[in-house]
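Single-structure report; data block below.
All residue numbers in this chain count up from 1 along the given sequence.
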Amino acid sequence: MTIDFLTAADYAGVVVFAASGALAAARNSMDIFGFCVIALITAVGGGTLRDLVLGEPVFWIERNSYVLLALSSAVVVFFAESAISSRLRLLTWLDAVGLALFASLGASKAIGLGATPLIAVMMGIVSAVFGGIIRDVVCNEIPLILKQEVYASAAFGAAAIVVALNGIGIDPMLVIAIGTALGFAIRACAIVFGWSLPSPERRPPH
């Protein structure tokens with residue numbers, strides 16, 4: 001069976017996000033069942049909400065191979081995590097890859113279904129961040145999107161460039177590659193250089 005580029009990219013995103021979920025489970029000392037649950041909800045959470053909002057069949061129900069890939073990724077991480085020196089650092093970078101890839105793919109899918117540019121960007125962001133939100137909430141951590149870190153902004157950048165380039169005749173595969181590269185670059189710079197969004201000044205209590 002041949003796999004087209006978009007499906008292959010979708011598979012890659014599921015594997016990466018599932019691994020990030022499994023690493024979050026490792027940080028919370030969960031058993032193998034916990035690894036699988038957290039990996040699965042991280043991998044499919046954003047795409048599930050996107051498809052429901054767009055009125056489309058949920059992607060992993062239509063094609064069960066997504067579930068098998070997510071669970072396989074969880075099992076691999078479960079048996080390999082003892083050899084990982086810094087779970088948090090690896091989780092952060094895997095999350096950055098998944099964020100950029102799913103933002104680009106989500107926006108591209110929404111465009112293909114006839115969504116307006118604004119909705120397509122929103123669906124890209126939802127695809128990228130919602131699974132991570134569920135992961136962090138279940139693991140009793142503050143979701144990255146609610147911190148000052150440049151996170152959703154990276155997803156916005158990826159989705160926005162995909163929407164902007166879509167209408168000028170560039171090959172869709174190249175558009176997704178550019179969007180993913182931009183989103184990852186923004187998130188990577190935030191991680192390396194400590195970029196953060198401004199917050200209100202805290203006044204001392206009277």
Practice problem: Using a strict cut-off of less than 4.0 Å between a Lys/Arg side-chain nitrogen and an Asp/Glu carboxylate oxygen, indicate whether Lys109 and Asp10 qualify as a salt bridge. | Solution: no

Practice problem: Please round to the nearest 0.5 Å and tell me the distance separating atom CG of Leu165 and atom CD1 of Ile176. | Solution: 11.5 Å

Self-check item: Over 12 non-hydrogen atoms of neighbours within 6.0 angstrom of CD1 in Ile142
Solution: no

Quiz item: Quick one: do Phe33 and Ile41 end up in the same hydrophobic cluster if we chain Ile, Leu, Val, Met, Phe, Trp and Tyr together by side-chain heavy atoms under 4.5 Å apart?
Solution: no

Practice problem: Could you tell me whether the side chain of Thr92 and the main chain of Leu88 form a donor-acceptor pair under 3.5 Å? | Solution: yes

Exercise. With rounding to the nearest 0.5 Å, note down the distance linking CD1 in Ile161 to CG in Leu182.
Key: 6.0 Å

Quiz prompt | Phe5 and Pro172, any side-chain heavy atoms less than 4.5 Å apart | solution = no

Quiz item: Quick one: CD1 on Ile111 to OG1 on Thr116, what's the gap to the nearest 0.5 Å?
Solution: 10.0 Å

Quiz item: For the residue pair Phe102 and Phe17, does the interplanar ring angle fall in the parallel (under 30°), tilted (30 to 60°) or perpendicular (over 60°) class?
Solution: perpendicular

Practice problem: Identify the two heavy atoms, one from Ala159 and one from Val121, that lie closest to each other, and give their separation to 0.1 Å. | Solution: CB-O, 3.8 Å

Quiz item: For the residue pair Ala120 and Ala115, what are the closest heavy atoms and their distance?
Solution: N-CB, 4.2 Å

Quiz prompt | Close side-chain approach of Cys139 and Arg27, heavy atoms under 4.5 Å | solution = no

Exercise. Please answer: with hydrophobic residues joined when any side-chain heavy atoms are less than 4.5 Å apart, are Ile32 and Val76 in the same cluster?
Key: no

Practice problem: Answer yes or no: does atom CG of Asp31 have more than 12 heavy-atom neighbours from other residues, nucleotides or ligands under 6.0 Å? | Solution: yes

Quiz item: Does atom CZ of Phe78 have more than 12 heavy-atom neighbours, drawn from other residues, nucleotides or ligands, at distances under 6.0 Å?
Solution: yes

Exercise. Say whether, by atom type as modelled, one donor and one acceptor occur between the side chain of Asn28 and the main chain of Met30 under 3.5 angstrom.
Key: no

Quiz item: Does Thr7 reach the side chain of Arg63, with side-chain heavy atoms less than 4.5 Å apart?
Solution: yes

Practice problem: Measure across Ala70 and Ala39 and return the closest heavy-atom pair with its distance rounded to 0.1 Å. | Solution: O-CB, 4.1 Å

Self-check item: Steps toward side chain to side chain contact (heavy atoms under 4.5 Å, CB included) verdict (Met122, Val53)
Solution: CA-CA 11 Å; Met122 291 176 64; Val53 170; over 6 Å; no

Exercise. Decide side chain to side chain contact (heavy atoms under 4.5 Å, CB included) for Leu101 and Val16; before the verdict, give the C-alpha distance in whole Å, the side-chain angles of both, and the deciding distance to 0.1 Å.
Key: CA-CA 10 Å; Leu101 186 53; Val16 169; 5.9 Å; no

Practice problem: Provide the closest heavy-atom pair for Cys36 versus Leu71 in the form atom of the first, atom of the second, distance. | Solution: CB-CD2, 3.7 Å

Practice problem: Determine the minimum heavy-atom distance between Tyr151 and Val129, stating which atoms define it. | Solution: CE2-CG1, 4.0 Å

Exercise. Measure from the side-chain N and O atoms of Asn64 to the backbone N and O of Trp60, and report whether any donor-acceptor pair falls under 3.5 Å.
Key: yes

Quiz item: Does the side chain of Phe59 come within less than 4.5 Å of Val44's, by heavy atoms?
Solution: yes

Quiz item: Just by modelled atom types, is the Thr180 backbone N or O under 3.5 Å from a matching donor or acceptor in the Ser104 side chain?
Solution: yes

Quiz item: Does Val75 share a hydrophobic cluster with Leu68, counting links as ILVMFWY side-chain heavy atoms below 4.5 Å and allowing steps through other members?
Solution: no

Exercise. Determine yes or no for a side-chain-to-main-chain donor-acceptor pair under 3.5 angstrom, with Arg187 supplying the side chain and Ala100 the backbone.
Key: no

Quiz item: If every non-hydrogen atom of Gly46 is compared with every non-hydrogen atom of Phe130, which pair is closest and at what distance?
Solution: CA-CB, 3.7 Å

Quiz item: Are Val37 and Val137 in one and the same hydrophobic cluster, where Ile, Leu, Val, Met, Phe, Trp and Tyr link if side-chain heavy atoms are under 4.5 Å apart?
Solution: no

Quiz item: Ignoring hydrogens and geometry, is there a side-chain-to-backbone donor-acceptor pair from Thr42 to Ile38 under 3.5 Å?
Solution: yes

Quiz prompt | Any side-chain heavy-atom pair of Asp95 and Arg135 under 4.5 Å | solution = yes

Quiz prompt | Separation between CE of Met123 and OG of Ser108, rounded to the nearest 0.5 Å | solution = 14.5 Å

